[in-house]
Amino acid sequence: QDKSAMFNTLGAFILLGNGLSLLQRSYEWIQNPASSIFTASNHDAIHILIAILATVAMNTLFLLMNSQKSNLALSTFNQKLTESENRFRTLARASFESIFLSKDGKILEANPNACELFGYSDAEFKGTSPSQYVHEKDRATVEANTLSAAEKLYEITALHHDGSTF
């Protein structure tokens with residue numbers, strides 16, 4: 001990383017120097033338009049061309065380097081996200097509690113213990129409202145916590161698939 005930072009700094013100075021050189025030459029041409037840019041004494045056209053090509057080359061190089069860094073950072077982020085999701089799923093499966101993941105008031109996923117306790121499969125839970133698996137007296141609490149995305153523990157009386165409560 002230190003070499004990369006040093007290279008980036010060096011490249012930035014080269015870009016700045018080329019840009020300043022280009023500005024200086026352009027200013028001189030504006031101030032003295034009668035002089036030819038093809039004179040052998042000052043080689044202005046060659047200097048301008050070199051400055052433009054060097055600036056384009058450095059910008060392209062920096063764009064490629066930053067693109068590679070961004071791709072690497074995105075790849076690393078996606079890998080860590082996948083690892084985190086896998087750890088969460090493992091933890092949820094191993095839990096003795098019923099765990100439901102929901103979004104916008106609909107169940108996305110239920111852990112195996114929830115499926116066993118409620119008598120439904122994960123597929124039957126998906127897309128349904130959590131409040132339909134709760135006794136009437138606790139539905140308002142479940143709906144409020146589901147819609148507010150509350151991440152807190154609370155107890156309710158649940159309804160089993162066969163209609164019994166627990």
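Positions are given from 1, in the same order as the sequence printed here.
In this structure, the salt bridge (charged side-chain N to carboxylate O under 4.0 Å, His left out) partners of R89, at least two apart in sequence or on a different chain, are E109. With sequence neighbours excluded, the residues that form a side chain to side chain donor-acceptor pair (under 3.5 Å) with S131 are S129, E143. Remark: Q132 pairs with no residue by the side chain to side chain donor-acceptor pair (under 3.5 Å) rule, at least two apart or across chains. Residues that satisfy the side chain to side chain donor-acceptor pair (under 3.5 Å) test with S121, not counting sequence neighbours, are E124. Listed by chain and number, the residues in a salt bridge (charged side-chain N to carboxylate O under 4.0 Å, His left out) with K126 are D122 (sequence neighbours excluded). Scanning for salt bridge (charged side-chain N to carboxylate O under 4.0 Å, His left out) contacts around D138 gives an empty result, with sequence neighbours left out.
Hydrophobic cluster membership for L74: none, as no Ile, Leu, Val, Met, Phe, Trp or Tyr side chain comes under 4.5 Å of it. Y133 belongs to a hydrophobic cluster with F100, I107, L117, F118, Y120, F125, F166, counting contacts under 4.5 Å between side-chain heavy atoms of Ile, Leu, Val, Met, Phe, Trp and Tyr, direct or through other members. Grouped by direct or indirect side-chain proximity (heavy atoms under 4.5 Å, Ile/Leu/Val/Met/Phe/Trp/Tyr only), F77 sits with L81.
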Show every donor-acceptor pair shorter than 3.5 Å between a side-chain atom in residues 152-160 and any protein atom, with sequence neighbours excluded, or say none if there are none.
| residue | atom | partner | partner atom | Å |
| --- | --- | --- | --- | --- |
| T157 | OG1 | K137 | NZ | 3.2 |
| H160 | ND1 | D162 | N | 3.1 |
| H160 | ND1 | D162 | OD1 | 3.1 |

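With N111 contributing its side chain and L91 its backbone, the two residues share no donor-acceptor pair below 3.5 Å. A donor-acceptor pair under 3.5 Å is formed between the side chain of R139 and the backbone N or O of V134.
Across every non-hydrogen atom of S98 and A114, the tightest pair is OG-CA, 3.5 Å.
Under the salt bridge (Lys or Arg N to Asp or Glu O under 4.0 Å) criterion, no residue pair touches residues 70-85, with sequence neighbours excluded.
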